[in-house]
Student: 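Let me give you the structure first, and then I'll get to my questions.
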Amino acid sequence: MNSAPARHVLILGGTTEARRLAEELAGAPALRVTSSLAGRVAAPRLPVGQVRIGGFGGAEGMARWLREHQVDALIDATHPFADTISSHAARAAADVHVPLLALRRPGWVPGPGDRWHSAGSLAEAARLLPDLGERIFLTTGRMGLATFAHLTRQWFLVRSVDAPEPPVPPRMEVILDRGPFTLEGEAELLRRHRIEVLVTKDSGAHATAPKLTAASAAALPVVIIRRPPAPQGIPVAETPSEAATWLRTTLA
């Protein structure tokens with residue numbers, strides 16, 4: 001008697017949650033899991049199982065890939081700020097009639113006494129900085145540094161996984177590192193570099209949250225860049241376990 005073929009699940013990954021979901025699904029005999037990484041990081045942390053690296057060629061290219069590889073369910077577990085790929089996933093899933101789930105960890109919430117300034121974009125964050133301080137700890141990644149390149153009075157400490165490319169702020173020091181980070185390490189970094197303002201995206205990751213605690217303890221202002229809105233009508237899970245439960249229900 002022939003058994004039913006394994007159902008194919010595509011995870012759009014690159015996040016801790018995506019890797020944990022791939023691990024959770026790895027032992028399921030009825031599933032075939034492929035994780036897709038954008039390829040923007042030189043040495044990414046690879047999930048278990050089958051991995052593809054690179055773009056799809058827009059929503060049309062992703063829809064074509066879903067068809068050709070007979071994908072039964074799509075999980076968008078990309079970074080909360082990867083709004084382009086999330087938009088493409090929503091369009092591709094609708095075109096091919098493949099069920100889609102967004103896996104998004106919760107955002108950060110300010111605590112008592114936190115001095116948070118909300119910004120809707122990197123450009124808005126850059127406009128806020130002249131009134132907040134001159135020594136900036138910038139943890140928004142290497143891709144958007146051109147937005148701050150016109151700020152010649154401020155000094156920037158930039159932390160990213162890979163080295164940034166110009167244009168960049170003229171007064172800048174770069175730290176190549178990736179989380180998780182410790183509270184003690186973040187507090188020492190703020191003290192050693194005499195940081196006056198922290199700029200970060202609302203990624204919501206536990207691995208990078210200690211910088212917020214350290215900034216709060218030092219009474220520093222924090223510019224928090226708000227997440228772009230998720231595509232409308234897409235169900236959302238906050239944890240890999242919730243995503244696995246949705247998948248079992250969807251493919252039942």
Side-chain angles (χ1 to χ4, degrees), residues 1-41 44-107 120-121 143 201-205 226-252:
M1 181 175 179
N2 294 330
S3 59
R7 311 296 294 276
H8 191 187
V9 179
L10 176 63
I11 301 174
L12 304 178
T15 60
T16 300
E17 289 76 19
R19 291 191 296 273
R20 289 176 179 169
L21 178 60
E23 291 174 2
E24 187 164 344
L25 301 178
L31 297 179
R32 178 165 63 93
V33 179
T34 301
S35 296
S36 178
L37 307 181
R40 292 181 178 177
V41 177
R45 293 173 176 169
L46 297 179
V48 298
Q50 184 175 347
V51 178
R52 71 171 299 278
I53 297 179
F56 290 93
E60 295 79 7
M62 187 183 298
R64 184 167 53 252
W65 200 96
L66 295 176
R67 289 193 195 94
E68 292 176 352
H69 293 83
Q70 298 179 324
V71 172
D72 297 290
L74 175 62
I75 297 180
D76 174 14
T78 57
H79 192 277
F81 283 81
D83 53 331
T84 298
I85 187 67
S86 293
S87 175
H88 291 171
R91 289 170 52 195
D95 288 347
V96 185
H97 305 291
V98 168
L100 168 64
L101 174 77
L103 174 54
R104 294 286 184 271
R105 56 192 175 230
S121 64
M143 302 302 292
K201 294 179 177 179
D202 182 17
S203 66
R226 299 188 300 273
R227 297 179 178 187
Q232 292 185 344
I234 305 301
V236 177
E238 293 188 347
T239 67
S241 294
E242 290 179 12
T245 298
W246 173 87
L247 189 61
R248 286 191 293 268
T249 302
T250 300
L251 298 182

Student: Which heavy atom in P228 sits nearest to a heavy atom in D83, and how many Å separate them?
Tutor: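 Looks like CG-CB, 3.7 Å.
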Student: Do you know the tightest heavy-atom contact between A102 and I234?
Tutor: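 Residues A102 and I234, closest heavy atoms: N-CG2, 3.9 Å.
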Student: Please examine the side chains of V71 and V9, heavy atoms only from C-beta on, and report whether any two atoms are closer than 4.5 Å.
Tutor: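 Not touching, per the 4.5 Å side-chain cut-off.
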Student: If you measure from OG1 on T78 to CG on L37, what distance do you get to the nearest 0.5 Å?
Tutor: 11.0 Å
Student: For S86 and R104, run side chain to side chain donor-acceptor pair (under 3.5 Å): C-alpha distance rounded to whole Å, both residues' side-chain angles, the deciding distance at 0.1 Å, then the answer.
Tutor: CA-CA 11 Å; S86 293; R104 294 286 184 271; 2.6 Å; yes
Student: Starting at CG of L100, measure out to CG of D76 and round the result to the nearest 0.5 Å.
Tutor: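 L100 CG to D76 CG: 6.5 Å, rounded to 0.5 Å.
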Student: Just grab all the ring-ring contact (aromatic ring centres under 6.0 Å, His included) pairs involving residues 77-102, residues at least two apart or on different chains.
Tutor: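 The answer is H79-F81.
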Student: Are any non-hydrogen side-chain atoms of P47 and E23 less than 4.5 angstrom apart?
Tutor: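 No, side chains not in contact.
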Student: Can you measure from CZ (R227) to OG (S203) and round to the nearest 0.5 angstrom?
Tutor: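 It comes to 7.0 Å.
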Student: Side-chain contact test, heavy atoms from C-beta onward, threshold under 4.5 Å: evaluate it for L10 versus H69 and give yes or no.
Tutor: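 With C-beta onward as the side chain, the pair stays apart.
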Student: Find the distance between CG (L74) and CG (L101) and round it off to the nearest 0.5 Å.
Tutor: 9.0 Å
Student: Please report the shortest heavy-atom distance between A92 and A63, naming the atom on each side.
Tutor: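 In terms of heavy atoms, the two residues are closest at CB-N, 3.6 Å.
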Student: Any chance you could measure M62, atom CE, to L12, atom CG, to the nearest 0.5 Å?
Tutor: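 Rounded to the nearest 0.5 Å, the CE-CG separation comes out at 5.0 Å.
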Student: Could you report the tightest heavy-atom contact between G13 and A18, atom names first, then the distance?
Tutor: CA-CB, 3.5 Å
Student: Sort and list the pairs that fulfil side chain to side chain donor-acceptor pair (under 3.5 Å) and have at least one residue in residues 12-21, not counting sequence neighbours.
Tutor: T16-R19, E17-R105
Student: What's the shortest heavy-atom distance between W246 and P235, and which atoms?
Tutor: NE1-CG, 4.1 Å
Student: Over all heavy atoms of both residues, which pair between L247 and A73 is shortest? Give the atoms and the distance, please.
Tutor: CD1-CB, 3.5 Å
Student: Can you confirm whether R226 sits close enough to K201 that some side-chain heavy atom of one is under 4.5 Å from a side-chain heavy atom of the other?
Tutor: no
Student: If you measure from CG on L21 to OG on S35, what distance do you get to the nearest 0.5 Å?
Tutor: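 Rounded to the nearest 0.5 Å, the CG-OG separation comes to 8.0 Å.
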Student: With side chains defined as the heavy atoms from C-beta onward, is the minimum distance between R52 and W65 less than 4.5 Å?
Tutor: yes
Student: Under 3.5 Å, is there a donor on one side chain and an acceptor on the other for H8 and T34?
Tutor: yes
Student: Going by heavy atoms in the side chains, are L251 and D72 under 4.5 Å from each other?
Tutor: yes
